[in-house]
4 protein chains.
Amino acid sequence: VNRLELWVDLNYDITEPGVDFVFNIHAAQTPYQTLSNERLILNQDVPTQLNTDPCSGNRYLRLRALAGALHIAYAVTVDLMHHHADPVLLGEVPVHQLPIEVLVYLYPSRYCQSDRLMNLAMHEFGHLQPGYSRVQAIRDWVFGHITFKWNSSNSTTSALDTLVERVGVCRDFAHLMIGLCRALNIPARFATGADFGSDPALGPPNFQAYVEVYVGGRWYIFDPSGTVIPMGLVRLGTGRDAADVAFATIFGRVRSRAPLVRSVALADATHDIVPPWLCTQALSTDSGPLMPAITGH
Amino acid sequence: VNRLELWVDLNYDITEPGVDFVFNIHAAQTPYQTLSNERLILNQDVPTQLNTDPCSGNRYLRLRALAGALHIAYAVTVDLMHHHADPVLLGEVPVHQLPIEVLVYLYPSRYCQSDRLMNLAMHEFGHLQPGYSRVQAIRDWVFGHITFKWNSSNSTTSALDTLVERVGVCRDFAHLMIGLCRALNIPARFATGADFGSDPALGPPNFQAYVEVYVGGRWYIFDPSGTVIPMGLVRLGTGRDAADVAFATIFGRVRSRAPLVRSVALADATHDIVPPWLCTQALSTDSGPLMPAITGH
Amino acid sequence: VNRLELWVDLNYDITEPGVDFVFNIHAAQTPYQTLSNERLILNQDVPTQLNTDPCSGNRYLRLRALAGALHIAYAVTVDLMHHHADPVLLGEVPVHQLPIEVLVYLYPSRYCQSDRLMNLAMHEFGHLQPGYSRVQAIRDWVFGHITFKWNSSNSTTSALDTLVERVGVCRDFAHLMIGLCRALNIPARFATGADFGSDPALGPPNFQAYVEVYVGGRWYIFDPSGTVIPMGLVRLGTGRDAADVAFATIFGRVRSRAPLVRSVALADATHDIVPPWLCTQALSTDSGPLMPAITGH
Amino acid sequence: VNRLELWVDLNYDITEPGVDFVFNIHAAQTPYQTLSNERLILNQDVPTQLNTDPCSGNRYLRLRALAGALHIAYAVTVDLMHHHADPVLLGEVPVHQLPIEVLVYLYPSRYCQSDRLMNLAMHEFGHLQPGYSRVQAIRDWVFGHITFKWNSSNSTTSALDTLVERVGVCRDFAHLMIGLCRALNIPARFATGADFGSDPALGPPNFQAYVEVYVGGRWYIFDPSGTVIPMGLVRLGTGRDAADVAFATIFGRVRSRAPLVRSVALADATHDIVPPWLCTQALSTDSGPLMPAITGH
C-alpha cells in the first residue's frame, strides 16, 4: 500500500462578476484508490456543486464566482492499492470483446487525431507482438522522439503538432501516445494526477498528465514523459484527452496564478505503507466498468 | 404522432478473415421514440453482440466477419412523439446548472474544435439574445455560409476546414454548427439518423447527420444543412461528433458498397398518425438524462 | 513629395559564436522612392554584405556575428513621389496579360494558402465588379472581420489560422488579404515598412506589414490593418509573404530585444515637401518590372 | 552525354469560354541541358505567349482557350551533359556566402513548412557531418519513412501532412525532403521533369517531381521517391514547391484527362551518347546563377 498526502491550491483574480468554473481537482474514488480526510476550503461564500460523472467517475466541482479574489484549497489522504500484473500476461483485447463503454477510447478526439496516424503506427509498431510490450514500445518511442520543454506548447497543440514539432510538455507526450495506441485499435485515455518524484529541476510540483491503456481487461498506467514515478500518481480524472479533464475550465475572463500542487508519500512499515518505487510490473488503479453494459435490445 | 418505417442495407466484400465491425444502425429507444417490429438479418453465421452504451444510449452492434460477402439488413417501425416547445421559452442553461453528463458537450472534440472558434462566435453571435433564437441564428449562419456539395469532404475534414473551404456535406454542416455553439458555452452534440424529405436531386436517401443543442433543459433538433424535414429524423446515435457515431467503424480492410437507407412515413388519421411536416416549434426526442448524477462526495 | 527620416535600431545578445543574420532593414530604391544620407552603424567589426536581390529588388544585409552584443543602427532620408491613380480606372489584369514575373504572386505561399480560399473568396467577392474597388472590398472585409490584438499570433500563424481565430497583428491582416486576392486570381504580395501615423495606444512605432496588389498594370498599396497612413509607408521589402521579408532572419540562438523603429515626416513648403495624408486615390511606389521578360523561345 | 526524346500530350474539355492556362511543359535551357527540334502543336487557333521567367529560368506558355476541346502536344530532343561531382567534396555553404538569389530557397513555402520542422531535423540529422552525405541521409530517411501510394494525396497536401500520414506520391516525397533541408539551413527547391526508368507497375509515364539541393556551390539532383533514374530526368521547371511549377495552372473550370508523358533515351556510341544509368556521383544540370547579384548600394 502507498499513502500520499495531496494538496492543491488555486488562486484567481476575477474582474467580472459571475464567472463559472468547473474544477477537476478532487481525487477519484475507486476500489484501488481510497480517500480519507478530504477537505475543501473556499474563500468565497458561494454555492458549490460536487458531482461525480456517472460515465467517467470524474468528480467535478462547479461554482459561479464573485468578482474579486478566488482561492481554493483542497487536500486529501489517498491510499493506493495498485493492481499489479506481469506485463507478459497482458494481451490486447479484440474490438468485439471490449466492454461497450471502452469503445469511445478507440475513437479520435480533439487532441489525439488517431485517424491520421494509422500508417505511422503500423510502420513503427505493426510488426510487434500485440500486448503490453507493444504499448510499452509506443511509450518508449514517444519518450525517445519528443523533447520535454516548458512553454513549448499551448492549449491548441495536438498530437499532430507534437509529432511534427517534436517538443512538448507531459500533456503533449500523453496525447501523442494516446493517438498512436488508438491508431492500432488499442483503447487509450488521458489521465490527470499530481506529479510525484519528478526532478525538481523541471520546476515546482504540478499537475501531471499521463496515459491509461486498456490491455488484459484493465486500464494500466503509462508515463510517456518519463518525469514521474508512476506508482505515485494519484488519479484525479480520466477522459478522451485534455479537453475533458482540465483541472479548471473557466467560462469568463480571469487572471490566474500558477497552481500549487504537492504530493507527499507517507511510510509506516508496521502498517505495510511504503513509498512508491519504480517497478517493472504493470500497474492499475482502475475499478473496472462503473456500470454493466445493457446487453440485448 | 409520426410513424416511420426505416430500412438499412449494408454490403461489404471482406478479403481478409477476422475483420471487426462496430455498427450504429439501430434506432435509439427513448420515451419519445419507441420501436416495434425490429428485425436484423445477417448473411454470415457469426456471433453478434448488441449493446446499449450506458452513457450515450447508443446501440452498437459488433461482430467479427468472415472473409467473403457481408450483408446486413435492418428494419424497424418507429413511433415519434416529439416534445414540442415554443422557441421563445427556451433559454440557455448556465454552466453551473447543467446536468453533469451534459458538460462534455461543451468541450472541443476531434471535428469540432470549438476552442479556436471563440472570437468568431462572439463576433457573429455574441450580441444576440441568448436562447433558442441565438442557436437558430448560428444554424442559419452555417446554412448561409456553407455550400452543400457531394464528395467535397472526407473523413479527416473538421469544422475548421469547413469554415475555411466553405463547402461540405451534412456531416460538415453539423460539425461547424456544433463548434460554434460550444464556443459560446452552449452544449451541442452530433446526431445521426436517416434523411427524410430530402430533395431526390441530392441523391438517393442516405444516413443524415444533424445537431442536437441543449437549451431549456432538453436536447433540441437542428438541421443546419437544410436538406431534410427535421420532424422525420429517426435518431440512431448521438455523440460528440462523427467519430462517435459512424454507422460502421471497420477494423480492417474491406470493400464497401454505398449503404441503402430508406425512411418512409406512414399515416393513419384514425390513430392520429400523421406524416412529419416542417414546423416552427422546437422539437426534441430526447429522454433526458439516462441516470441521475451522484451528488455530494 | 513626402520626405521621411527613418531610423532602425536592433539589439541582440549572442551566446554562441558564428550566428548568421540576414537583415532586410534597408529601404528599397525605386524611381518613386529615392534615398539619401543612408547610414549603417555596426558595433561588431565583422565583414558585411549588402546585396540587392535581382528578382525582388530587396536589399539584404548579411553578416556572421561574434559572440556578445550585436547592435545595428540604420538611418536614411527617403523621398516618396507616389504614383497616384484614380481607383475607378484600375482594372484587374487577365492572367494571360500579366508580366511574367508577376505570375508567382498568384500562387499560394507559406502563410497565404489561397488554394483553400477560393469558395470563400467567390462567395464574398465573386459578384463584385473586378478592379481596384473589389480589392478595396477585400481589404474592408479583412479589416472588419479581424480584431487587432498584440501577441495574438506567432511565427507559424497563417491566413487560415487568422480566418478561423479572427484575431491578429498587421502581418496577419496582410496574409489574409493576400490569400483572398490570389484566390480570385489577383496578384498580391507582402510588403514591409515602418509604420507611420499609427495610434500611440497601439504601442511604440514598429515595422509594419502591408499589402501591394497588382491592378491597372502596377502594384498599389493597401493597409488592411487600418493602423497607419498608407502614404507614409517607406517600403523595405516585398515578397510572397512574411517568410521572404523578415526584418531579421537568424540562423542560430540569440536573445533579441524589441526593435526600435522611428519614421518622421519632414515638411518644407518651399520645396513642395508635405507630410503624408490619408488620401482616397490609389498609391504606388513600385518601379514596375525590374527587367524585361525574355519572350519567345 | 545523354540524349532523350520528350513528348507531352495534354487534353482538356473546356465548357466555359475564356479560360486562362499557364503551362510549364517546356524543357528548361541551361548550358548543361540543351534543346533541339522543339515542337508545339495546338488544336485551337488562339494567341500564345511563351516567356522565360528571368528569376527562375522556367518557361511558361500562356493562352486563353476557347470553349471546346483543347489539345496540346509538345516534343523536344534534349541533350544532357551533367556536371558530375564527387559527393565527398560537396560541402554545405554558410548562409552568409550563399548567392543572394539562393536565399529564398531557405525560407518556408506553401507545401514545405520548414519553420515547423527544425527540432525534428536537428534530432534526426543534426549530428551528421554537413555536406552532400547529410543531404543524402535526409533523402534516405524520407524514402524509408514514406510509402508511395497513388491517389493518397491531393493538391492541398503539404510536407506536414506527409510527415504525419506517412504516405504520398513523388511530389509529397519532394516536399518533405525540401522542408527538412531548409530546416537545417540547406537551400532546397522543387523540380519537375518527366520520369525515366520508373517501374511500369507504378503506372504509365508521367511528370515527375524531384528535388534540387544547393551544396558545393551548385544545385544537385535528388529523387527521394526512389522511382526513377535521376540521370534521365529532363528538367522542366524549378520553384519553391509544387505551387510554382504545376505543369498546368488553370483559371476556370475544365475537364482534364490524364496527361500523356513519354521520355525515351537514345544511344549512339559513335557520338558518345549513352542511356542514363544509376550512378553514385552527384549530378547537376544547373547553369548557376542566371544573373549576377547587384552588390553594394
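Lettering follows sequence order; numbering is per chain, from 1.
- Of the possible donor and acceptor atoms, one in the side chain of A:Arg62 sits under 3.5 Å from a partner among the backbone N and O of B:Leu98.
- Note that the NE2 atom of A:His96 and the CG atom of B:Leu63 stand 9.5 Å from one another [nearest 0.5 Å].
- Contacts from residues 249-256 of chain A to chain B, taken as heavy-atom pairs separated by less than 4.5 Å, involve A:Thr249, A:Phe251 in sequence order.
- Contacts of B:Tyr111 with chain A are made by side-chain atoms alone, with heavy-atom separations under 4.5 Å and no backbone atom involved.
- Interface residues of residues 174-181 of chain B toward chain A, defined by a heavy-atom distance below 4.5 Å: none.
- Contact of A:Asp115 with chain B is made through the side chain alone, with heavy-atom distances under 4.5 Å.
- A heavy-atom distance below 4.5 Å is found between the side chains of A:Asp244 and B:Arg240.
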| side chain to side chain contact (heavy atoms under 4.5 Å, CB included) between B:Tyr107 and A:Val245, worked out | CA-CA 10 Å; B:Tyr107 301 145; A:Val245 285; over 6 Å; no
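- Most heavy-atom pairs under 4.5 Å with chain B, from the set A:Val104, A:Leu35, A:Leu103: that is A:Leu103.
- Counting all heavy atoms, side chain and backbone alike, A:Ile100 lies closest to B:Asn51 at CD1-CB, 3.5 Å.
- Residue contact with chain B, scored on non-hydrogen atoms closer than 4.5 Å, involves the backbone and the side chain of A:Pro94 alike.
- Residue A:Leu106 touches chain B through its side chain alone, counting heavy-atom pairs closer than 4.5 Å.
- Of the charged side-chain nitrogens involved, none lies within less than 4.0 Å of a carboxylate oxygen, so that B:Asp241 and A:Arg110 do not count as a salt-bridged pair.
- When side chains are defined from C-beta on, B:Thr156 counts as touching A:Arg116, because their heavy atoms get closer than 4.5 Å.
- When A:Asn58, A:Leu61, A:Val95 are compared by the number of non-hydrogen pairs under 4.5 Å with chain B, A:Val95 comes out ahead.
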